[in-house]
Amino acid sequence: MYSLRLLATTLSTSSLVFGLLGLPSVPSAACLNITSTLGIAQTAVSPLDLRYINSRTSYWNMKLDAHAPACVVYPENAQDVSLILKAIKASGSRFAIKAAGHNTNDLFSSVEDGVLIDLTEMTGKSYDASTTLATYEPGSRWGELYDYYLQYGRTVVGGRVYDVGTGLALGGGVSYLSPQYGMACDSFRELEVVLPSGDIVTASSTQNPDLFFGLRGGGGNAFGVVTKYTVQSRPIGTLYAGNLLYVLDHREAILNATRDFILYNTDPKAAVLMNFNIVTIPDLELGLDQACVMFLVYDGEDPGNAFSNFTAIPSLLNTLGPKTYPQVANLPIPKLAIISRADNIFRIGVHRADDDSYWTAFDRFYQWSQDHKGDYIYVHLDYNPVPKSMTDASRAQGGNAMEMPDGPWFWAEYTITTPPLISTQKYNEIQASFKALVDGTPNAADLPYFLNEAHADQDALKTFSSYPRLQQIKQKYDPDEFFSKKSGGWSFS
Ligand SMILES: Cc1cc2nc3c(=O)[nH]c(=O)nc-3n(C[C@H](O)[C@H](O)[C@H](O)COP(=O)(O)OP(=O)(O)OC[C@H]3O[C@@H](n4cnc5c(N)ncnc54)[C@H](O)[C@@H]3O)c2cc1C
Ligand SMILES: *[C@@H]1O[C@H](CO)[C@@H](O)[C@H](O)[C@H]1NC(C)=O
Ligand SMILES: *[C@@H]1O[C@H](CO)[C@@H](O)[C@H](O)[C@H]1NC(C)=O
Ligand SMILES: *[C@@H]1O[C@H](CO)[C@@H](O)[C@H](O)[C@H]1NC(C)=O
């Protein structure tokens, strides 16, 4: 009763504030229900509540901050998530599931006037030395997980960047360790899942194996809410890693070296990411407005000749050296390649390194960047190798929802950061032009797009050979189309 009275006071004060801010003045039935069931400690109904502000304004695409949820709820376990989903369903409210909010697509982890389920209170993790299995809940960032498992000399296959969240693994997840162990989702062994019905189930190769298949790279926010991941951990020690920074005059040599690495490197402990960056305001320290930053990571202290094609090209900066795994997640030192919270959008391409698209993707990107100065504050193009060792490692663990054809091939990831304070019309024009740039380079017809870096309008799931099977799985686990209709995410129809 006491907490209900407190709640009533909070609500009437905030209704007033809502009204003043022009925000919805009537709290939704779902929010009232969840607040009375879970208590105010696990809910934030006022847009002035610091937790609400943090949850709402921590999207990597800042445009998503504009959405005002009716409330933000902070489950602590699968039972909480189950209650929350049932209350949302009964009320007819909209909702979104958010881990670390790095997906750049509208309404994938953001919601307007519905319930935002923020998973960041769920940070449990463990390591079992007898099985070498690790567990983590969805609320940590990859860097926090790497810090934790390091005490055991272990790590998990996850993101390359410290701040990114666990939603990455549901979209596949490329790690610097992927050439050895496959995608992040390939290391899943058992998942605790709250289904759209609110039922709490286990997905593994023996329990609900179809659900397990879908969750291995079929995208977050599709089949349920994953509340616990049990994964195969991996040994980790000292790595040899860092960045090489080049002026763009060397672009042909860099593209040659990356192509040769994609086609000929056979050492699965070596991973590279080629990253061309163009900014409109020159980097203060380096005085550059365009550069290539190579990310080079070797899982071991001696890379042999794995990176010598790159070190042979004259570089402005070389930070290669021994590093711990958490340090590897905190590359780069060159500021030019650091993109932070802003009006960021991703798009994806997929190609083979031995055909023309390898060159035309870069040429078209470069030309666009020169022709559209003023339309962006930052653009980049990444080439992300998918070697044969990676697709072999995936298959050896049962394969994933991408059903990745044999490497080598690569994903081309495009990012644009548009200037702040431009009109909606200007914003839409720039995005349409950037889309045309990406669409203009033909993709390899038999290769899957990468969900984690695809734009919602690219319909990435349809490039998976498993798409019909995923549609069936979706229908089985979300038969009322509760998630499809009331939340954002990838379309299955
Ligand atoms: C700086 C940066 C670096 C990146 N580096 C990499 C990289 O190295 N490798 C890579 O593969 N990708 C990378 N990405 C892409 C990244 O994988 C995607 O942005 C991914 O969506 C981020 O997950 P998140 O948890 O941070 O985001 P969120 O937006 O919170 O979640 C992503 C999606 O998954 C859903 N979701 C999250 N958790 C759950 C859950 N427990 N149950 C059900 N659905 C859930 C959300 O609803 C949302 O639709 C990077 C992105 C950025 C911005
Ligand atoms: C909350 O919603 C659930 C699911 O419909 C319902 O069973 C429960 O009675 C509701 N509780 C309150 C306090 O409204
Ligand atoms: C790149 O490789 C091609 C052969 O594929 C070669 O002709 C060209 O000279 C190389 N360029 C540089 C700068 O190394
Ligand atoms: C380096 O480039 C040469 C061709 O110039 C190629 O034969 C070799 O395989 C490359 N090595 C690696 C590790 O990429």
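Atoms within each ligand, like the ligands themselves, are counted from 1 in listed order. Keep in mind that the numbers below use all heavy atoms, side chains included, and drop hydrogens, waters and symmetry copies. Residue numbers count from 1 along this sequence.
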(Q) Considering only residues two or more places apart or on different chains, which pairs with a residue in residues 30-50 satisfy salt bridge (charged side-chain N to carboxylate O under 4.0 Å, His left out)? (A) Asp49-Arg51
**Q.** salt bridge (charged side-chain N to carboxylate O under 4.0 Å, His left out) contacts touching residues 483-493 (sequence neighbours left out)
**A.** Glu481-Lys485
Q | Atoms of ligand 4, numbered as shown, that sit under 4.0 Å from any heavy atom of Ala306 | A | 13 (C)
Q. Counting each atom of ligand 4 from 1 as listed, which ones have a heavy atom of Tyr264 under 4.0 Å away?
A. 9 (O)
(Q) Consider ring-ring contact (aromatic ring centres under 6.0 Å, His included). Of Phe365, Tyr358, Phe261, Phe362, which one does Tyr383 pass it with? (A) Tyr358
Q. Is there at least one pair of N or O atoms, one from Thr37 and one from ligand 2, spaced under 3.5 Å apart?
A. no
(Q) Closer than 3.5 angstrom, by distance alone: can the side chain of Ser394 be matched with the main-chain N or O of Gly182 as a donor-acceptor pair? (A) no
Q.
Given 3.5 Å as the limit, does a donor-acceptor pair link the side chain of Arg251 with the main chain of Tyr246, or not?
A. no
Q. If you count the atoms of ligand 2 from 1 in the order shown, which ones are under 4.0 Å from a heavy atom of Ser36?
A. 13 (C)
Per-pair distances, 0.1 Å, donor-acceptor, side chain in residues 294-302, under 3.5 Å, sequence neighbours excluded:
{"from": "Tyr298", "atom 1": "OH", "to": "Asp267", "atom 2": "OD2", "distance (Å)": "2.6"}
{"from": "Asp299", "atom 1": "OD2", "to": "Gln180", "atom 2": "NE2", "distance (Å)": "2.9"}
{"from": "Asp302", "atom 1": "OD1", "to": "Gly304", "atom 2": "N", "distance (Å)": "2.9"}

Q: Quick one, list the residues around ligand 3 where some non-hydrogen atom comes in under 4.0 Å, by chain and residue number.
A: Glu252, Ala253, Asn256, Arg259
Q.
Using a strict threshold of under 4.0 Å (side-chain N to carboxylate O), is an ion pair present between Lys476 and Asp210?
A. yes
